[in-house]
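This report concerns only the one structure given below.
No hydrogens, no waters, no symmetry mates; every other heavy atom, side chains included, goes into these values. A note on names: the letters A, B, ... follow the listed sequences, proteins ahead of strands, and every chain is numbered from 1. Quick caveat: nothing in here was measured; it's all calculated off a predicted structure.
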There are 2 protein chains.
Amino acid sequence: MIRMTKQTDYGIVLLSRMAGVPERQFNATELATESRLPQPTVSKILKILARAGLLDSHRGVKGGYTLARDPETISVTEVIGALEGPIGITECIDDTPGECSHEARCPVRGNWHRINEAIRQALDGINLAEMAQRPVPPLVSLGGAPAAQNADLG
Amino acid sequence: MIRMTKQTDYGIVLLSRMAGVPERQFNATELATESRLPQPTVSKILKILARAGLLDSHRGVKGGYTLARDPETISVTEVIGALEGPIGITECIDDTPGECSHEARCPVRGNWHRINEAIRQALDGINLAEMAQRPVPPLVSLGGAPAAQNADLG
DNA sequence: CGAAACAGGACCACAGTGGTCCTGTTTCTC
DNA sequence: GAGAAACAGGACCACTGTGGTCCTGTTTCG
């Protein structure tokens, strides 16, 4: 499975929640409680997002975080970029020579860019406003209808 | 950065090389030498790919591996799936209930599927034959006429 | 029968991640 | 002005997973 770190996972969850009420200010404790995530972890993630410019921070007693921009203008790509660095899969994301010891004879170097670009574009097409929507009805309150045990993707 | 393991990275490199001469048989030592990768690691990866049905293995002195199918019919999705499990980013890839402790209140659960699906489709559109092509001028001549550039993705 | 190559594990060092904690600094309230 | 609340910025640590090696079969060719 292609993994992204939990930090990024959580970050998107947190931002999506904030995107639901874009103008409101949230503080770390509140978001942690709502999300059932550990408070220090939430705080850490919010700090990173603020430093990346996705959130505005307000210090002091009535401080907290607000979205720096409209959720429609914040793509998933940006969030991932802030929390994990540039979108990409291999070490040869950019064209900096000398990064890869197999550079000279790597037959797929150019094609990785194709893959990375495909992923980047896919993520670029999804913004926080869309993530804040709820496309599926709540699963839990339905009396626990058992889903397929080995659900697969394809 | 969204990472995939080096194992998968190497796997795609190896398969791409094999896809360049689809009918030929390669053994692990040979591929390791060509790719400048450690032989045991290459061997390990090839074994996994064979078990997944992407390669046919031939034991004995003149044994080795051949592509199980035409490279055009093997997508990057399949390779990644064989080496890392199902394509996806979060733990809630499938709809199995109970996997995620935040399930009940996770506002983005359904939307992760959108992201995962976008990535899956992006990777699905790239096959081994395309990866075997050389979009950059060949630095190591293999004596074969370079295939015509196919449809560009980017 | 011996050599070469795959099959299938066990095993280990190491890096990266997840998570906690501590010490500032700012700002609101009393 | 003092105290509390909340962000800022690191340091720190346990643990998982990955990358890589190695060993013991088993098959097949010469």
Side-chain angles (χ1 to χ4, degrees), chain A residues 1-14 18 24-33 35-68 80 82-85 89-91 100-102, chain B residues 1-14 18 24-33 35-68 80 82-85 89-91 100-102:
Chain A
M1 154 171 23
I2 303 180
R3 297 241 169 141
M4 80 173 44
T5 59
K6 285 193 178 183
Q7 206 175 55
T8 304
D9 183 355
Y10 295 164
I12 293 186
V13 169
L14 294 172
M18 295 178 75
R24 200 184 130 196
Q25 179 177 272
F26 298 80
N27 67 46
T29 305
E30 172 186 11
L31 283 171
T33 304
S35 310
R36 265 70 174 179
L37 295 173
Q39 194 272 338
T41 298
V42 169
S43 183
K44 187 187 203 175
I45 293 171
L46 294 175
K47 276 184 260 184
I48 295 172
L49 292 172
R51 225 176 305 167
L54 296 179
L55 293 178
D56 286 333
S57 69
H58 310 278
R59 306 178 75 160
V61 175
K62 298 188 75 172
Y65 295 92
T66 51
L67 283 179
I80 296 175
L83 288 163
E84 308 213 31
I89 282 182
T90 51
E91 293 162 14
C100 174
S101 56
H102 311 101
Chain B
M1 157 174 17
I2 303 182
R3 296 245 167 136
M4 80 172 45
T5 59
K6 286 194 178 184
Q7 205 175 54
T8 303
D9 184 353
Y10 295 164
I12 293 185
V13 169
L14 294 172
M18 294 179 75
R24 201 185 131 197
Q25 179 176 270
F26 297 81
N27 67 46
T29 306
E30 173 185 11
L31 283 171
T33 304
S35 310
R36 266 69 173 178
L37 295 174
Q39 193 273 337
T41 297
V42 169
S43 184
K44 187 187 201 175
I45 293 171
L46 294 175
K47 276 184 260 185
I48 295 172
L49 292 172
R51 225 176 305 166
L54 295 179
L55 292 177
D56 287 334
S57 68
H58 310 278
R59 306 179 75 161
V61 175
K62 300 190 72 173
Y65 295 92
T66 51
L67 282 180
I80 296 175
L83 289 163
E84 307 214 33
I89 282 181
T90 51
E91 294 163 12
C100 175
S101 56
H102 312 101

Using only side-chain N and O atoms of B/Arg51, determine if any of them is under 4.0 Å from OP1 or OP2 of C/dC6.
no

Atom-pair distance (CE on A/Met4; P on C/dT17), nearest Å:
13 Å

Nearest nucleotide by nearest heavy atom, which residue falls closer to the 5' end of DNA chain D, A/Val61 or A/Lys47?
A/Val61

Which whole-number value in Å describes the distance from A/Lys6 NZ to D/dG17 P?
10 Å

Considering every strand and a 4.0 Å limit on heavy-atom distances, what is the contact class for A/Pro38: base, sugar-phosphate, or nothing?
sugar-phosphate

In the structure shown, which nucleotide is the Watson-Crick or G-U wobble counterpart of C/dC30, with both distances under 3.5 Å?
D/dG1

For B/Thr29 and C/dA4, is the shortest distance between a side-chain N/O and OP1 or OP2 below 4.0 Å?
no

State whether the distance check finds a donor on one side and an acceptor on the other, under 3.5 Å, for side chain B/Lys62 versus base D/dG30.
no

Pairing nucleotide - D/dC23, Watson-Crick or G-U, each distance under 3.5 Å
C/dG8

With a 4.0 Å cutoff (strictly under), does any side-chain N or O of B/Tyr65 reach OP1 or OP2 of C/dA7?
yes

Among the nucleotides C/dG18, D/dG20, D/dG19, whichever has the atom closest to the side chain of B/Thr5 is D/dG19

Hey, does the side chain of B/Arg59 come within less than 4.0 Å of D/dC29's phosphate (OP1/OP2), counting only N and O?
no

Test A/Ile48 against A/Gln7 for side chain to side chain contact (heavy atoms under 4.5 Å, CB included), laying out the working first.
CA-CA 10 Å; A/Ile48 295 172; A/Gln7 206 175 55; 3.9 Å; yes

B/Ile45 CD1 to C/dA7 C1': how many Å, rounded?
16 Å

Are OP1 or OP2 of C/dT20 and a side-chain N or O of A/Thr41 less than 4.0 angstrom apart?
yes

